[in-house]
Amino acid sequence: MDKTDIKSMNLEELTEYITSLGEAKFRAKQIYEWLHVKLVDSYDRMSNIPQKLRDLLTENTTLVALKQVRVQVSKEDKTAKYLFQLHDGNLIESVLMHYHHGNSVCISSQAGCRMGCKFCASTLDGLARSLTPSEMLDQIYRIQASTGERVSNVVVMGSGEPFDNFENFIKFQQLLSDENGLNISARNLTVSTCGLVPRIYEFADMCLPTTLAISLHAPNDEMRKKLMPIANKYSVREIVEACRYYVEKTGRRVTFEYSLVKGQNDSAECAEQLSRLIAGLNCHVNLIPVNPVKERNFERSEAADINKFKNKLEKNKINVTIRREMGKDIDGACGQLRKHYKDEIADIVKE
Ligand code: SAH
């Protein structure tokens, strides 16, 4: 049987577990603090916990602590990309970005991805597996512990589709915002989805103040199907409808991500169609010049076309920004560092 994943438990569950071992309740609070506030990576460092209990926990639980394999720091903007190894050898990546308002960490929700978006490196080798709540949390914990700087914002925009790992994502969010833990409010959390419509409704019904980002990337189904296989399942209209519901339920503005691919989705007509599609919705559009992935032949749009696209949206009273690109010199886009590392290892093995 699998060992108990201690870092995926909330305080209530941990208290139940610790008392079931015949230990006093206050030990749970102490251990929870070591795990989620002091961010230690082993039981040996829990100095106020008796050795006997530490041994018992070592025997019966797993304490997830990600192994840092590689860090690449951008010379341009200090953005740092971390490659972590999971206990089973799978690799995931996370990114630390420095903003005026604080440090933001972008985490992965799965090792690989099965959504198959054509421009994305994370999906090239398919889905290896979903991450546990503890593995999502520990990306933030390891980065905060190693830099010694507080993380104030989290975005779930790394590899994987968080709504394809829904239950674990929800548990992760609960632990992240727990006032006994790192206490990062749902307001400072953004989750990005390719648009799994039933999950958007489910998430809306939880009435959390999380920012929802939708990877739209096209203003109609025909065009979207060429970029994202998920478009065969849910239409852009259904997605926008679900977003309206989200805004109604949570009072939060929705973000649409739109990666601009030269000659595919960057025309003035596309901007018009997009404006009509989302008119009247409390939303914001984030334009991202596509980051070319070596395995695919997508090119980024010309700067002039990007500006035209933006101006068109603005003229139609749509809030829009062009995403500031960070860490372009360090395999910035989704899944690129992991993919390069895996290719490098494969080359070494072949030699
Ligand atoms: N699966 C989720 C979250 C991960 S991707 C989702 O689809 O939203 C985070 C964002 O980066 C998504 O909008 C994704 O479409 C985009 N993205 C992935 N690869 C990219 C690339 N090479 N260039 C530009 N944007 C990319």
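Numbers here simply count residues along the sequence, with the first being 1. Counting starts at 1 for both ligands and their atoms, in listed order.
Using a 4.0 Å cut-off between a side-chain N of Lys or Arg and a carboxylate O of Asp or Glu, E269 and R276 qualify as a salt bridge. Salt bridge annotation for R114-E161: absent, with no cationic side-chain nitrogen under 4.0 angstrom from a carboxylate oxygen.
Scanning for side-chain hydrogen bond (donor to acceptor under 3.5 Å, both in side chains) contacts around S130 gives Q110, with sequence neighbours left out.
Between the side chains of R27 and Q30, at least one donor-acceptor pair of N or O atoms lies under 3.5 Å. With 3.5 Å as the limit, one finds a donor-acceptor pair spanning the side chains of S159 and S122.
The ligand atoms of ligand 1 that sit less than 4.0 angstrom from a heavy atom of H217 are 13 (O), 14 (C), 15 (O). Of all atoms in ligand 1, listed by their number and element, those nearer than 4.0 Å to a heavy atom of V293 are 22 (N). Interface of N291 with ligand 1, defined as ligand atoms under 4.0 Å from a residue heavy atom, comprises 21 (C), 22 (N), 23 (N), 24 (C). Near E257, meaning under 4.0 Å from any of its heavy atoms, are these atoms of ligand 1: 10 (C), 12 (C), 13 (O). Listed by atom number, the atoms of ligand 1 under 4.0 Å from C194 heavy atoms are 6 (C), 7 (O), 8 (O). Atoms of ligand 1 lying under 4.0 Å from at least one heavy atom of V290, given by number and element, are 23 (N), 24 (C).
Contact annotation: for E161 versus ligand 1, heavy atoms closer than 4.0 Å belong to both the backbone and the side chain. When non-hydrogen atoms are compared, ligand 1 lies under 4.0 Å from the backbone of T193 (N, CA, C, O) but not from its side chain.
With rounding to the nearest 0.5 angstrom, the CG atom of L127 is 11.0 Å from the CG atom of D125.
Considering backbone and side-chain atoms together, I288 places no N or O closer than 3.5 Å to any N or O of ligand 1.
When S122, P162, G160 are ranked by how near their heavy atoms come to atom 1 (N) of ligand 1, first place goes to G160. Checking G158, P292, S159, C120 against atom 4 (C) of ligand 1, the nearest heavy atom belongs to G158.
Aromatic ring pairs are classed by plane angle as parallel below 30°, tilted from 30° to 60° and perpendicular above 60°; the pair Y258 and F309 is tilted.
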Which donor-acceptor pairs under 3.5 Å do the side chains of residues 240-248 make with protein atoms, sequence neighbours left out?
unit_1, atom_1, unit_2, atom_2, d
Y245, OH, D205, OD1, 2.5
Y246, OH, T210, O, 2.8

